[in-house]
Amino acid sequence: MYVISDIIKHLVPIKTFLANPNLTFDILSYDTRKIRTGERSLFFALQAQQDGHKFITDGYHKGVRNFVVSDLNFSVESYPDANFIWVEDTLRAMQALAAMHRNEITIPIIGITGSNGKTIVKEWLAQLLKEEKKVYQSPKSYNSQLGVALSLWNLTNEYNVALIEAGISTVHEMDYLQKMIRPTWGILTSLGTAHREGFPSKEEKLKEKWKLFDSAEKIIVPSDQIPENFLNARKVISWGNLLADKLQVLKSGISGYSTHLTLTYGGKEFNIEAPFTDKASIENVLTCILVLLELGYNSEIIKERVSRLKHLDMRLQLKKGKNNSSIIDDTYSNDLASLNIALDFLNQQNQFDKKKLVLSDFEGEEWTEKFQTKLNNLLSTVILDEVILIGERFKNFKYSSNGTVRIYETTDELLANLTQLNFSNAVVLIKGARKYKLESLSRRLTEKSHETILQINLKSLEHNLKQYRSKIDASVKMMAMVKAFSYGSGSFEVANILQFNNVDYLTVAFVDEGSELRRGGVKLPIMVLSPHESAFEDIIQYKLEPEIYSKRILKAFVKFLADREITAYPIHIKLDTGMHRLGFMENEIDDLLTTLKSQNHVKVQSALSHLVGAGAEEFKEFTEQQISLYKRLSEKIRSAIGYDFIRHICNTSGIVHNPEAHMDMVRLGIGLYGYDMSPKDLNLEEVSVLKTTITQIKHIPKEETIGYDRKGVLTRDSVIATVKIGYADGYNRRFGNGVGEMMINGHLVKTVGNICMDMCMLDITDIEAKEGDEVYVFPDVALAAKRIGTIPYELLTGISSRVKRVYYYE
Ligand SMILES: *Cc1c(COP(=O)(O)O)cnc(C)c1O
């Protein structure tokens, strides 16, 4: 706990309003949605996509009494009992506080940077060291300007060593991270070649990353990534193929599923079997080996521990559970910081009323009184219906909340008693340390996943949403299109995230899609594009808002409402300005207005139209005509009915290319999922990845044929891989005979022969691959769509529902 009056000078305040300088805090917060214990928080109003000052009231209601702000005009009148500290820049102030806290840390801190592999090296090092050391690690991929400050904040001297990740995307950022972390040792992982991020050249990027090591005593690095001026520096400890490398790789060869490495260190030769074959993993393993050697571990111990490393998914996943449940699987590591993040995610899920937690013991933590208090504090912040604890030390743990508690000594004991437990109608967070192998529980509780899955990254979805938010004014509302199962990517799973991110509206195509979202706990207003008369009852029951596109549907809906004596029900008027699909044409407006004015059962919530070719240069003029026609028609409606409503016309392309037409709201569709055809300067992330695995490999001689109708004639002796995805899964039959390309181990391979219903075959003659290897079905969605004469929208929405969706939040 820190006292406000003690820390205030570190923030370099411009002015202050201190109602009570003796207040204490131990949590840094910046997002009021995630505040669960406000009275212990110091809130920073960050200036990010949204202005943090807007959320001060919310924070205050949640108990926060300490605020760091930057807006000099911000009025504190309504908060007489709270402390306010004005600073130049709130993020830098938070960093200054993190640096102050770091100054009290005396244990060694290892700072890890690089473009690829930072998180893996951090996680692996933690696994390798945990047997005898108490290891603190920055949670997940918390490596940004904000993430590093938060990571350092929870570090204490009770640990033996800390692993802190530092990530940068442009020049000068490392200066700030270096000042906070001041690593005792530094590690540089692979620099990557694919993209230079925000750097003018590869050299600049390397130089910037090396800034982290300014005050480090030791720098552990691959020898091909040492800048000129550091080449002979004594503190640089390198690995590589050179004689000068302290850890030299003499030989490396792949056999089966592992790589055999012959190494020398300090004049001693030894062998290590690394359980990986890909280049990136081997680089990361070598980095870890060198760190362990430098820490004084002998090669026998290293050999044994490296052999146990696994290429596990370290990401938090959300899956559909058996018996009507959702399973959040976060079973790679367990510490308070990552438990906190997982609890946040659990809190965002609204699809079932009950929330349950399965929690293993923590590795490398002593069961001090203090630790137990911290754990209890954390658990008390979420309303948990049931808590299942695994590990014998929990027997002495006094859980302070109300819900049911069960304790098992081991995961096996829990699994043996599984039939006594009930996880139905609940969201279940499974959080465990590696050695408890809780993924076996997760497997038992989730529906079988076949070889083909669609992975959906909810963090990327959030990222894309932010990108488009940066293109609109703060006053413009955001409607997110979640029709067609969110463009193929999911229902409440996606909608819950959008709701958490404060979008204003959701839109579905049909009433059933809307009612499913309501049953999944979504509270946002929902517009329905194609309401059918037979579904009016559900529209009312689930509080959905219909788009009204014709006089016929308007009359029918008004009559339906009149029969039930409902007034002022929100509707959305669709205007046809050129799409000629649904909507009122200009010559139908008078008639529409007569009907609207003759009743009080509906209220116009918004009027919308749809652009047919926004973003396309050749339709620029047509787009402008649509916009001006829309403005004219909507103004006519407004003056006739005498009240205001939300006006909107822009879809994804319109948001980027027609900023003058944002009006009151925009409708974001395909861009949310990462596929804008002309995104201008946006940097979008792909949200869904369709993956399968190689089921069988065959060696087939020249002139034989592959598949139905003997279409795939081999012109050479070939190696053929069969994968379990076919046209019934949404892999279009037109992708057959070399039109479709998939990616295996980084190489593109073509289809051979016709696509079958549930499978297809790939020619893998030119690449290294084995049965079980992962296959990316659409390495480039836009290109794949073009090859068969369609658009990404069709490929995405065509992925059939039998392909399991697995959600990630990392
Ligand atoms: C689908 C749809 C959108 C979203 O279009 P994108 O091109 O995916 O952004 C917007 N408005 C309406 C009426 C739609 O049907």
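In listed order, ligands and their atoms are each counted from 1.
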Determine whether the aromatic ring centres of His572 and Tyr505 lie less than 6.0 Å apart.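 Judged by ring-centre distance (under 6.0 Å), His572 and Tyr505 do meet the cut-off.
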Tyr675 and Glu686 side chains, donor-acceptor separation under 3.5 Å: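 Present: a donor and an acceptor within the cut-off.
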By side-chain contact (heavy atoms from CB on, under 4.5 Å), which residues pair with Ala568, not counting sequence neighbours?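 Per chain and number, Ala568 pairs via side-chain contact (heavy atoms from CB on, under 4.5 Å) with Lys603.
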List in chain and number order the residues that pass side-chain contact (heavy atoms from CB on, under 4.5 Å) with Lys555, two or more places apart in sequence or in another chain; answer none if no residue qualifies.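 If we apply the side-chain contact (heavy atoms from CB on, under 4.5 Å) test to Lys555, skipping adjacent residues, the hits are Lys551, Thr595.
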Donor-acceptor pairs are to be reported for all side-chain atoms of residues 610-624 against protein atoms at under 3.5 Å, with residues two or more places apart or in another chain.
residue, atom, partner, partner atom, Å
His610, ND1, Arg667, NH2, 3.3
Thr623, OG1, Phe619, O, 3.0

Counting only heavy atoms and a distance below 4.0 Å, can you name the residues contacting ligand 1?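 If the criterion is a heavy atom under 4.0 Å, then ligand 1 touches Met481, Lys483, Tyr487, Leu529, Arg581, His610, Asn651, Thr652, Arg667, Gly669, Ile670, Tyr793.
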Does the salt bridge (Lys or Arg N to Asp or Glu O under 4.0 Å) test come out yes or no for Glu586 and Arg632, once each step is laid out? CA-CA 10 Å; Glu586 182 165 21; Arg632 192 145 44 79; 2.7 Å; yes
